[in-house]
Visitor: 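Attaching a single structure in structure tokens format; questions to follow.
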Number of protein chains: 2
Amino acid sequence: MILNAEDAQQRALAFKALADPNRLRLLSIVKAGSDGGTCVCDLTEPLDLGQPTVSHHLKILVDAGLLHREKRGTWAYYSLVPGALEQTAGLLASL
Amino acid sequence: MILNAEDAQQRALAFKALADPNRLRLLSIVKAGSDGGTCVCDLTEPLDLGQPTVSHHLKILVDAGLLHREKRGTWAYYSLVPGALEQTAGLLASL
DNA sequence: CACATAGATTGACATGCGTCGATATGTTTG
DNA sequence: CAAACATATCGACGCATGTCAATCTATGTG
């Protein structure tokens, strides 16, 4: 059965979120970080990007369901949504 | 270990190729087709796109190493590169 | 309350990308 | 060779996207 237009559109959104090198690096850093999450301040420096740009990329990853955002006090902690990467990988197998 | 800039760039290229609904549908149609490959004429109609646009998308998929192109006579037959989708899916697990 | 700090949002700009029409290339047929 | 056909390439257009500087929001601290 071939993919219909709506399903294709939705899956493309997931891959669009992964289609940027800096977002892949963000995911990598968050994945390597502690379970409590990684704060934005620890993400800005290694990527050599401005803070607004990092916030922008993080928002895209949260909207795509890949990252979870939790605010504690002044800081925002980002963590991987469990299983989200595996689920996205599964989208390829079921093409 | 966090992803370095070059690796991130290269992986992003793979996901960029998947980040378009019409390209996902092309992959789906080719996957569902016969082993001998699917010709462009069979790809243009179901996507409701012009022939140059389909050729353009196919080129991107070939450049990404996902599709193989074989010309037989006047027709060009496209087929999935064995294991390519699985390998791309694997890029996510190793972030 | 005044101020500092972390992060998000906005607006602007340049670049990239999907699409199309027109054209070029190459192959088959008469 | 000429005509028809399948596919690729080119040029242009509009829209999406990544980035930054400036600003806003909210939380803490004197």
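In this text, all values refer to a predicted model and were calculated from it rather than measured experimentally. Here is how names work: the chains are called A, B, and so on, in the same order as the sequence lines, proteins then strands, and each is numbered from 1.
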Visitor: Tell me the disulfide bond (SG atoms under 2.5 Å apart) pairs involving residues 4-95 of chain A, sequence neighbours left out?
Guide: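 Residue pairs passing disulfide bond (SG atoms under 2.5 Å apart), neighbours aside: A:Cys39-A:Cys41.
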
Visitor: May I have the distance from A:Glu70 (atom CD) to C:dA6 (atom C1'), rounded to whole angstrom?
Guide: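 About 16 Å, once rounded to whole Å.
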
Visitor: Sequence neighbours excluded, which residues qualify as side chain to side chain donor-acceptor pair (under 3.5 Å) partners of B:Lys71?
Guide: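 By the side chain to side chain donor-acceptor pair (under 3.5 Å) rule, B:Lys71 matches no residue at all.
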
Visitor: Do A:Leu67 and A:Leu80 have side-chain heavy atoms sitting under 4.5 Å apart?
Guide: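 Contact flag for A:Leu67/A:Leu80 side chains = yes.
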
Visitor: Is B:Pro46 close to B:Ile29 at the side-chain level, that is, under 4.5 Å between some pair of heavy atoms?
Guide: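 Yes, close enough: below the 4.5 Å cut-off.
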
Visitor: Under a 4.0 Å heavy-atom cut-off, which of residues 24-47 of chain B touch DNA chain D?
Guide: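 Listed by number, they are B:Cys39, B:Val40, B:Cys41.
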
Visitor: Write down the distance between CZ (A:Arg69) and C1' (C:dA8), rounded to a whole number of angstrom.
Guide: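 Value for this atom pair: 8 Å.
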
Visitor: Got A:Leu92 and A:Phe15 here, is their nearest side-chain heavy-atom distance under 4.5 Å?
Guide: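 Result yes, sub-4.5 Å side-chain heavy-atom pair found.
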
Visitor: Within the sub-3.5 Å range, which N or O atoms of nucleotides 14-16 of chain C have a protein N or O partner, and how far apart are they?
Guide:
none

Visitor: Given atom CG of B:Asp63 and atom P of C:dG18, what is their separation to the nearest angstrom?
Guide: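 These atoms are roughly 13 Å apart.
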
Visitor: Kindly give the cluster partners of B:Trp75, where membership spreads through any ILVMFWY side chain lying under 4.5 Å from a current member.
Guide: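 Joined to B:Trp75, directly or through intermediates: B:Tyr77.
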
Visitor: Once disulfide bond (SG atoms under 2.5 Å apart) is applied, what residue pairs with a partner in residues 60-95 of chain A remain, sequence neighbours excluded?
Guide: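 For residues 60-95 of chain A, and leaving out neighbouring residues, there are no disulfide bond (SG atoms under 2.5 Å apart) pairs at all.
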
Visitor: Can you find a pair of side-chain heavy atoms, one from B:Leu91 and one from A:Leu24, that are under 4.5 Å apart?
Guide: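 The answer is no; the side chains never approach within 4.5 Å.
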
Visitor: Who are the side-chain contact (heavy atoms from CB on, under 4.5 Å) partners of B:Pro52, not counting sequence neighbours?
Guide: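 None.
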
Visitor: Summarise how protein sits on nucleotides 24-30 of chain C as a single string, 5' to 3': B when a protein heavy atom is under 4.0 Å from the base, S for sugar-phosphate-only contact, - for no contact.
Guide: ---SS--

Visitor: For the pair made of OH in A:Tyr77 and P in C:dA8, what is the distance, rounded to whole Å?
Guide: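 Result: 13 Å.
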
Visitor: Just wondering, do B:Val62 and B:Tyr78 contact through their side chains at under 4.5 Å, heavy atoms?
Guide: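 Yes, close enough: below the 4.5 Å cut-off.
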
Visitor: Could you pull out all residues at least two apart from B:Asp63 that satisfy salt bridge (charged side-chain N to carboxylate O under 4.0 Å, His left out)?
Guide: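 Per chain and number, B:Asp63 pairs via salt bridge (charged side-chain N to carboxylate O under 4.0 Å, His left out) with B:Lys59.
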
Visitor: Provide, to the nearest angstrom, the distance between the CG atom belonging to B:Leu58 and the P atom belonging to C:dC17.
Guide: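 Interatomic distance, CG of B:Leu58 to P of C:dC17: 17 Å.
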
Visitor: Taking salt bridge (charged side-chain N to carboxylate O under 4.0 Å, His left out) as the cut-off, I'd like each qualifying pair that reaches into residues 11-31 of chain B, sequence neighbours left out, listed once.
Guide: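 Of all non-adjacent pairs touching residues 11-31 of chain B, none passes salt bridge (charged side-chain N to carboxylate O under 4.0 Å, His left out).
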
Visitor: Whole Å only: how far is the NZ atom of A:Lys59 from the C1' atom of D:dT17?
Guide: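 Those two atoms, NZ and C1', are 15 Å apart.
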
Visitor: Show me the protein contacts with nucleotides 19-23 of chain C, counting only N or O atoms at under 3.5 Å.
Guide:
| unit_1 | atom_1 | unit_2 | atom_2 | d |
| --- | --- | --- | --- | --- |
| C:dT19 | OP1 | B:Asn22 | ND2 | 2.7 |
| C:dT19 | OP2 | B:His57 | NE2 | 2.3 |
| C:dC20 | OP2 | B:Gly50 | N | 3.1 |
| C:dC20 | OP2 | B:Thr53 | OG1 | 3.1 |

Visitor: Answer yes or no: does a side-chain N or O of B:Tyr78 lie under 4.0 Å from OP1 or OP2 of D:dA8?
Guide: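 For B:Tyr78, the contact criterion (side-chain N or O under 4.0 Å from OP1 or OP2 of D:dA8) is met.
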
Visitor: List in chain and number order the residues that pass side chain to side chain donor-acceptor pair (under 3.5 Å) with B:Glu70, two or more places apart in sequence or in another chain; answer none if no residue qualifies.
Guide: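 B:Glu70 satisfies side chain to side chain donor-acceptor pair (under 3.5 Å) with B:Arg72 once adjacent residues are dropped.
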
